[in-house]
Amino acid sequence: MAFLMKSMLSNQVKNLGLGGGGEESKEESTPSDPAAAAGMTREEYEEYQKQVVEEKMERDAAFAQKKAERACLRVHLREKYRLPKSELDENQIHMAGDDVGLPEDLQKMVAEDQEEEEDKDSILGQLQNIQNMDMDAIKEKAQATFTEMKQAAEQKCSVM
């Protein structure tokens, strides 16, 4: 019975981290060389590390390029709608290089928007808007406004 109690208590104490030297032997058995831990030779491990670093640099460069393209789009929209400039967007564009432009898909969308706005601003665009207007509603609104102005004038002027 004493043996059973001793083994149960010692296991619980070891789980708490207060016990024996079992953990030290585990630390000594792990190899200190990361290449051996990965199951590779030293040269293979160095080549692998180089590839990992190169892939990370490529991903970072692609990410910076995408961020710069988005910043370029935001700058374009701010100019279009006459909004205040953002220092952060300009910094992102400069960090990625000044050759950053809008992606082709966005360039097509921007070009279409500009063409639509130019059409609306032209005389022909205004004439088309006049054709689409509801003349009866405009007449009713004008008559209501005229009647309101006439009533206001009669109230203010004693001669009328």
Side-chain angles (χ1 to χ4, degrees), residues 1-138 140-141:
M1 183 78 165
F3 174 74
L4 182 61
M5 291 297 285
K6 185 177 180 183
S7 65
M8 287 176 40
L9 288 175
S10 66
N11 286 338
Q12 295 297 326
V13 172
K14 287 179 184 177
N15 289 340
L16 292 174
L18 302 173
E23 294 176 10
E24 293 174 10
S25 64
K26 289 180 184 177
E27 291 176 7
E28 291 175 8
S29 66
T30 58
S32 61
D33 188 21
M40 300 180 207
T41 63
R42 187 77 176 159
E43 294 81 23
E44 290 174 341
Y45 185 74
E46 288 175 2
E47 184 66 29
Y48 173 74
Q49 288 298 324
K50 287 179 185 177
Q51 289 176 350
V52 167
V53 169
E54 288 173 2
E55 289 173 359
K56 184 179 183 325
M57 290 174 57
E58 289 174 6
R59 284 193 310 270
D60 290 344
F63 181 69
Q65 181 71 20
K66 290 288 184 184
K67 281 176 68 173
E69 288 175 356
R70 291 184 199 116
C72 186
L73 176 64
R74 287 191 297 269
V75 166
H76 176 74
L77 290 174
R78 282 191 177 99
E79 288 174 1
K80 178 179 177 181
Y81 295 110
R82 297 181 187 102
L83 298 173
K85 293 182 179 181
S86 171
E87 195 76 27
L88 179 64
D89 289 341
E90 292 175 6
N91 289 341
Q92 285 179 348
I93 292 171
H94 289 295
M95 284 174 47
D98 291 332
D99 59 342
V100 176
L102 292 175
E104 291 181 23
D105 300 346
L106 294 175
Q107 285 178 352
K108 290 177 184 177
M109 291 172 55
V110 168
E112 290 173 2
D113 288 345
Q114 287 177 346
E115 289 174 6
E116 288 176 9
E117 287 181 11
E118 289 172 1
D119 289 343
K120 288 179 183 177
D121 291 341
S122 69
I123 295 173
L124 293 175
Q126 297 298 327
L127 289 176
Q128 288 175 352
N129 286 339
I130 290 174
Q131 291 175 354
N132 296 334
M133 289 184 186
D134 185 15
M135 294 306 271
D136 293 332
I138 293 173
E140 290 174 11
K141 188 173 182 180

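All values reported here derive from a predicted model rather than from experimental measurement.
If you take CG on Leu88 and CD on Glu90, they are separated by 10.0 Å, rounding to the nearest 0.5 Å. Remark: Asp89 CG to His76 NE2 distance equals 13.5 Å, nearest 0.5 Å.
The number of heavy-atom neighbours closer than 6.0 Å to NZ of Lys80, taken from other residues, nucleotides and ligands shown, is above 12.
For Glu47, there are no side chain to side chain donor-acceptor pair (under 3.5 Å) partners two or more places apart in sequence or in a different chain. For Lys66, the side-chain contact (heavy atoms from CB on, under 4.5 Å) partners two or more places apart in sequence, or in a different chain, are Glu69, Arg70.
Between Pro84 and Arg78, the shortest heavy-atom distance links the atoms O-CD, 2.9 Å.
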Task: Steps toward side-chain contact (heavy atoms from CB on, under 4.5 Å) verdict (Arg74, Ser86) - done: CA-CA 9 Å; Arg74 287 191 297 269; Ser86 171; over 6 Å; no
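For the residue pair Tyr48/Glu44, the side-chain donor-acceptor check at 3.5 Å is not satisfied.
Put simply, the side chain of Lys56 reaches to within 4.5 Å of the side chain of Arg59, judged on heavy atoms.
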